[in-house]
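Down below is the structure, laid out as structure tokens.
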Amino acid sequence: MGPHPAVAAIRLAVRRVLHDVLTLAPPADPAGGPRSPLVLAACSGGADSMALASALAFEAPRLGVRAGGVTVDHGLQEGSDLRAAEVAGRLRALGLDPVEALPVTVGRDGGPEAAARDARYGALDEAAERYGAAAVLLGHTRDDQAETVLLGLARGSGTRSLSGMAVASGVGGRYRRPFLGLDRQTARKACLVQSLPVWDDPHNVDPAYTRSRVRHEALPVLEKALGKGVVEALARTAQLSRDDADALDSWAVAVEPSVRDDSGALEVAKLYALPAAVRRRVLRRAAIEAGSPAGSLFARHIEEVDRLITGWRGQRAINLPGRVAVHRHGGRLVLRQG
């Protein structure tokens with residue numbers, strides 16, 4: 001008798017990612033050459049990430065992959081260090097090695113959710129570098145993807161934001177999300193049938209957090225009004241948006257050299273001739289290159305810069321995050337920091 005369908009589904013999703021990692025990683029040499037690739041599971045102790053860690057522990061040895069786990073202690077709740085140590089113990093009990101609890105200091109930039117995310121990914125990046133990990137697996141599900149798309153819609157974000165989370169992201173595709181095609185209930189059921197202990201983070205139900213309100217208020221209202229299938233539809237929208245955004249980004253990269261003069265300034269007439277979606281991508285790339293932080297550069301900033309091209313009335317310079325100023329002079333756009 002085979003495993004429960006939920007367990008089989010999560011194992012299959014992880015197996016596919018491990019096959020990809022093996023394809024990209026150098027082969028292991030039994031005679032003393034490079035060791036087999038190491039894959040880490042990022043685990044909060046919740047159902048999604050515990051299901052992920054369990055599937056990795058099961059599949060990795062069968063494919064000749066080393067499997068480890070890391071958990072991040074954000075320090076935002078009393079006793080969070082003890083909770084992190086407990087999660088690390090559960091990962092070791094699954095057979096993962098190495099295992100580490102990573103304490104972080106959460107700043108304030110961008111709000112509590114963004115600051116916690118930045119601190120978390122910073123710690124995961126550092127751990128991946130230190131251990132030489134080929135990949136770090138994240139337990140984001142289709143439900144998380146739907147929430148991300150709704151948040152993008154609410155913020156009036158562009159196509160890239162509506163594309164949600166990528167299956168692979170980070171430096172060299174370091175971060176992998178095997179469960180984006182699976183719903184949250186499948187992961188929870190897999191934990192239940194395997195008797196895996198699960199910790200439900202109280203922040204996930206705290207209405208002070210925007211994502212929590214989307215999860216427990218907005219999505220249920222949408223499903224009640226529109227019927228089941230909203231989560232699947234939003235996740236499908238993310239994939240379609242990602243395909244479009246990738247194509248437009250490639251177009252912008254290809255055309256950018258042709259709209260710059262010999263000094264590197266952007267030529268207004270050539271920018272004006274581009275489709276708006278491509279032109280704004282060129283402007284965003286130029287702003288980031290000039291020193292504006294990508295995470296702080298929003299659609300409204302790029303729209304203001306775009307008006308220097310499409311609605312020129314002698315406006316003053318546009319100030320962007322990172323102390324980057326953009327002004328129009330003699331048919332050129334000039335971007336300077338400071």
Side-chain angles (χ1 to χ4, degrees), residues 107-111 114-115 117-122 124-126 128-129 148 151-152 155-175 241-338:
R108 297 186 177 183
D109 291 348
R117 182 176 61 249
D118 289 345
R120 179 167 61 253
Y121 278 102
L124 293 176
D125 277 333
E126 188 276 331
E129 294 287 346
T148 302
L151 287 168
R155 292 167 182 153
S157 302
T159 308
R160 176 56 67 189
S161 181
L162 297 184
S163 65
M165 296 174 284
V167 172
S169 65
V171 177
R174 166 181 291 159
Y175 294 108
S241 297
R242 181 166 297 279
D243 293 342
D244 290 348
D246 288 346
L248 290 167
D249 286 348
S250 297
W251 189 352
V253 170
V255 79
E256 184 175 348
S258 70
V259 299
R260 290 186 181 271
D261 64 14
D262 293 339
S263 70
L266 294 164
E267 299 188 59
V268 170
K270 293 180 178 179
L271 285 169
Y272 187 85
L274 293 175
V278 178
R279 181 175 62 245
R280 289 174 181 171
R281 280 167 167 77
V282 171
L283 295 175
R284 178 178 173 81
R285 286 173 53 82
I288 293 170
E289 183 181 330
S292 195
S296 302
L297 197 59
F298 301 132
R300 67 177 184 273
H301 296 128
I302 303 304
E303 287 169 3
E304 287 297 316
V305 176
D306 196 38
R307 289 193 186 98
L308 295 178
I309 301 165
T310 62
W312 175 243
R313 302 182 309 278
Q315 298 99 307
R316 298 174 61 182
I318 303 298
N319 294 314
L320 299 178
R323 298 174 62 229
V324 171
V326 188
H327 69 275
R328 176 169 167 164
H329 178 71
R332 305 287 189 272
L333 278 191
V334 181
L335 295 88
R336 289 201 183 97
Q337 191 172 40

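Keep in mind that this is a model prediction, so the values were computed, not measured. Note that these values count all heavy atoms, side chains included, but never hydrogens, waters or copies made by symmetry.
- Pairing each heavy atom of R281 with each of A252, the nearest pair is CB-CB, 3.6 Å.
- Here the closest heavy-atom approach between residue A290 and residue V324 is recorded as O-CG2, 3.7 Å.
- No side-chain donor-acceptor contact under 3.5 Å links Y272 and D306.
- Across Y175 and G170, no two heavy atoms sit closer than the pair CD1-CA, 4.1 Å.
- In terms of heavy-atom proximity, S263 sits nearest to D261 at OG-OD1, 2.7 Å.
- A 4.5 Å side-chain heavy-atom check between V334 and V326 finds every atom pair outside the cut-off.
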Under the criterion side-chain contact (heavy atoms from CB on, under 4.5 Å), I'd like the reasoning laid out for L283 against L333: C-alpha separation, chi angles, the key distance, then a yes or no.
CA-CA 10 Å; L283 295 175; L333 278 191; 3.8 Å; yes
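- Side chain of Q337 to backbone of A325: no donor-acceptor contact under 3.5 angstrom is found.
- In terms of modelled atom types and a separation under 3.5 Å, the side chain of R242 and the main chain of G164 share a donor-acceptor contact.
- A salt bridge links R285 with E256; the closest basic N to acidic carboxylate O contact falls under 4.0 Å.
- The line from CG of D246 to OG of S163 is 7.5 Å long, rounded to the nearest 0.5 Å.
- Under the 3.5 Å distance criterion, the side-chain polar atoms of R332 are left unmatched by any main-chain donor or acceptor of R328.
- Taking CZ of R279 as the reference point, atom NZ of K270 lies at 15.5 Å (rounded to 0.5 Å).
- By the 4.5 Å heavy-atom criterion applied to side chains, R260 and E267 are not counted as neighbours.
- No donor-acceptor pair closer than 3.5 Å links the side chain of S292 to the backbone N or O of I288.
- A salt bridge does not link E289 with R284: every distance from a Lys NZ or Arg NE/NH1/NH2 to an Asp or Glu carboxylate oxygen is 4.0 Å or more.
- In this structure, NE2 in H327 is found 13.0 Å from CD in Q315, a value given to the nearest 0.5 Å.
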Please step through side-chain contact (heavy atoms from CB on, under 4.5 Å) for the pair S250 and V253, ending with a clear verdict.
CA-CA 5 Å; S250 297; V253 170; 5.8 Å; no
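- Atom CD1 of I302 sits about 4.0 Å away from atom CG of L297, to the nearest 0.5 Å.
- In this structure, S169 contributes its side chain and A166 its backbone to no donor-acceptor pair below 3.5 Å.
- If you take CD1 on I309 and CG on L271, they are separated by 4.5 Å, rounding to the nearest 0.5 Å.
- Between E303 and R300 there is no salt bridge, since none of the side-chain N atoms of the basic residue sits less than 4.0 Å from a carboxylate O of the acidic one.
- Between S241 and D244 the shortest side-chain heavy-atom distance does not fall below 4.5 Å.
- In this structure, CG on L162 lies 11.0 Å from CG on L151, to the nearest 0.5 angstrom.
- Residues V305 and L335 have side chains not in contact (no heavy-atom distance under 4.5 Å, counting atoms from C-beta outward).
- Of the possible polar contacts, one joining the R313 side chain to the G311 backbone as a donor-acceptor pair under 3.5 Å is found.
- Between H301 and P321 the shortest heavy-atom distance is CE1-CG, 3.6 Å.
- Salt bridge status for R174 with D125: present, with a side-chain N to carboxylate O gap under 4.0 Å.
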